[in-house]
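Below: one structure, written as structure tokens.
Every chain is numbered from 1 and lettered A, B, ... according to where its sequence line falls, protein lines coming before strand lines.
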Amino acid sequence: MKIATWNVNSLRVRLPQVLDWMESAQPDLLAVQETKLTDDAFPVGDLHALGYHAVYSGQKTYNGVAVFSKTPIENVQTDPPNLKDPQRRILAVTAGPLRVINLYVPNGSEVGSDKYAYKLDWLAKIRDFIAQEMAQNPHTVVLGDFNIAPEDRDVHDPESWREKILCSTPERDAFRALADLGLTDLFRRFEQPEGSFSWWDYRAAGFRRNLGLRIDHILASPHLAERCTACTIDKAPRRLERPSDHAPVVAEFAGF
DNA sequence: ATGGTCGATGTTCGA
């Protein structure tokens with residue numbers, strides 16, 4: 001079984017790249033963020049033509065999450081009871097043996113800003129939601145754009161990013177609090193090249209110079225984490241013309 | 001030198 005996460009930064013613009021990538025990579029499940037599409041505009045026909053079920057929670061201009069799965073999707077949850085939030089950032093689904101929680105964590109703008117406070121509050125509330133989900137589902141995956149680089153090795157220049165947005169200690173503590181629920185960052189279960197990142201700023205030739213951060217993650221509950229055989233970042237789509245600023249992160253499992 | 005580039009929108013804002 002292969003699953004993946006990808007912040008596509010507008011599914012309208014990126015749809016051909018997403019379809020090409022899915023046709024080639026053949027994930028059993030793909031979680032996407034920043035679709036920036038209302039539900040009535042969702043290209044569900046294109047996904048069906050490729051053999052995928054699709055569920056989505058969209059809004060105009062901002063945010064928007066979706067899950068594409070080869071197996072049918074059930075028990076869709078977009079609004080955790082403890083989180084009153086009109087922003088469309090969460091999509092929890094059951095697909096085959098998996099409970100999958102797709103997250104587009106708020107960016108936070110700047111440390112100390114209102115958006116930063118919203119981010120930390122959102123993360124605290126989503127932690128409670130994930131804990132409840134894990135209590136009911138032995139095979140839980142939490143994946144998406146976390147907008148947090150968990151450690152200095154996830155940052156191209158840790159000193160210049162010290163206590164900046166995406167890297168601040170409260171954000172890293174919030175990420176750690178999710179992991180402490182019993183979730184493993186699958187990417188770090190394996191030896192990885194130095195300078196492995198999932199996002200590069202469009203500005204200042206960030207990708208060409210590998211000025212990136214690893215902020216997109218796949219976390220898994222213990223039974224799943226033990227059966228994970230690989231977790232990689234696929235930089236190929238980031239090299240295309242008119243790419244998303246994020247690359248897909250992919251995890252594979254044996255025995256599922 | 002607090003820059004730079006996208007995407008959606010609308011003559012800026014969020015990332």
In whole angstrom, what separates [X]'s [atom1] from [N]'s [atom2]?
X	N	atom1	atom2	value
A:Gln17	B:dC6	CD	P	13 Å
A:Arg209	B:dG3	CZ	C1'	12 Å
A:Arg208	B:dT5	CZ	P	12 Å
A:Ile165	B:dT2	CD1	C1'	16 Å

Salt bridge flag under 4.0 Å for residues A:Asp152 and A:Arg172: yes
Side chains of A:Trp122 and A:Asp85 only: does a donor on one sit below 3.5 Å from an acceptor on the other? yes
In terms of relative ring orientation, are A:Phe42 and A:Tyr56 parallel, tilted or perpendicular, with 30° and 60° separating the classes?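 A:Phe42 and A:Tyr56: parallel rings.
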Can you see which heavy atom on A:Asn9 is nearest to which on A:Arg14, and at what distance?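 Result for this residue pair: O-NH2, 2.7 Å.
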If you measure from the [atom1] atom in [N] to the same atom in [M], how many Å do you get, rounded?
N	M	atom1	value
B:dC13	B:dG3	P	14 Å
B:dT11	B:dA1	P	33 Å
B:dT9	B:dA15	C1'	15 Å

Is it the case that over 12 heavy atoms from other parts of the model lie below 6.0 angstrom from the CG atom of A:Asp157? yes
Would you mind telling me which of A:Val249, A:Val100, A:Leu219 makes a side-chain contact (heavy atoms from CB on, under 4.5 Å) with A:Leu143? A:Val100
Contact pattern, 5' to 3', of nucleotides 7-15 of chain B - B, S or - by protein heavy atom under 4.0 Å: SSS----SB
